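Note that the structure is a prediction, hence the values are computed from the model and not measured.
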Amino acid sequence: MADDANITAAEWEVMEVLWRAGAPMSSADIVAAVRGEQEWTEATVRTLLFRLTKKGVAKAERDRRRYLYSPLVERDAYVGGETDRFVDRMFGGRIAPLVAQFASRDKLTDEEIDRLEALLKDIRNG
């Protein structure tokens, strides 16, 4: 599995469809699902599916005259890897400067601050 593959924003849209589906999907079904969110042609979606399979984050299995696509990496695993890479690259692997950046730009609501405080308390108490 390639949970360290770099997925573009467009590829992410297709992966979200695959993750939500929970079962293999045909390209036609994926096109229909994506069309509700994007104005992409069938060729565009097929290109994105090809890229995702080449990157090893999705697979295509032959089913008679069509292919069925499914994710090879769990959403949580991919998000975790992306988060780690982002924090490493932007903040030297430290979380506190990330939170400070959001806090200094008024990006944290009172509810989010309460949730962070509760999370930190849970972490500290193990």
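- Side chains of K55 and E11 form a contact here, defined as non-hydrogen atoms less than 4.5 Å apart.
- Under the 4.5 Å side-chain heavy-atom criterion for grouping Ile, Leu, Val, Met, Phe, Trp and Tyr, F102 is not connected to L120 through any hydrophobic cluster.
- Applying the 6.0 Å contact sphere to CG of D110 captures no more than 12 heavy atoms from other residues, nucleotides or ligands.
- With a 4.5 Å cut-off on side-chain heavy atoms, K54 and F50 count as touching.
- Under the 4.5 Å side-chain contact rule for hydrophobic residues, L116 and L98 share a cluster.
- The shortest side-chain heavy-atom distance between T53 and L49 does not fall under the 4.5 Å cut-off.
- A salt bridge links D63 with R66: the closest approach of a Lys/Arg side-chain nitrogen to an acidic carboxylate oxygen falls below 4.0 angstrom.
- For P24 against S70, the heavy-atom pair with the smallest separation is CA-CB, 4.2 Å.
- Other residues, nucleotides and ligands contribute at most 12 non-hydrogen atoms within 6.0 Å of the CZ atom of R124.
- Between E42 and R35, the closest heavy-atom pair is N-NH2, 3.8 Å.
- Looking at V73, L48, V57 one by one, the single match for side-chain contact (heavy atoms from CB on, under 4.5 Å) with I7 turns out to be V57.
- Here R115 does not pair with E112 in a salt bridge; the nearest charged N to carboxylate O distance is not below 4.0 Å.
- When every heavy atom of S26 is checked against every heavy atom of L68, the shortest pair comes out as N-CD2, 3.6 Å.
- Within a 6.0 Å sphere centred on CZ of R105, heavy atoms belonging to other residues, nucleotides or ligands number 12 at most.
- What you find for R65 and R62 is that their closest heavy atoms are C-NH1, 4.3 Å.
- In this structure the side chain of Y67 never reaches within 4.5 angstrom of the side chain of S27, judged on heavy atoms.
- Checked by atom type, the side-chain pair T44/T41 shows a donor-acceptor distance below 3.5 Å.
- Side-chain heavy atoms closer than 4.5 Å link hydrophobic residues (I, L, V, M, F, W, Y) into clusters, and following such links, possibly through other members, connects F86 to I95.
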**Asked** Could you go step by step and tell me if W40 and V14 meet the side-chain contact (heavy atoms from CB on, under 4.5 Å) rule?
**Response** CA-CA 11 Å; W40 293 335; V14 174; 4.3 Å; yes
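- Ring-plane geometry between Y78 and W12 is classed as tilted, the angle between the planes lying from 30 to 60 degrees on a 0 to 90 degree scale.
- Of all heavy-atom pairs between L72 and A58, the closest is CD1-O, 3.6 Å.
- Between V17 and the choices D29, V34, V45, the side-chain contact (heavy atoms from CB on, under 4.5 Å) rule is met once, by V34.
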**Message:** Let's go through L52 and M15 carefully: what are the C-alpha distance in whole Å and the side-chain angles of both, what is the deciding distance for side-chain contact (heavy atoms from CB on, under 4.5 Å) to 0.1 Å, and is it a yes or a no?
**Reply:** CA-CA 8 Å; L52 290 166; M15 286 301 295; 3.7 Å; yes
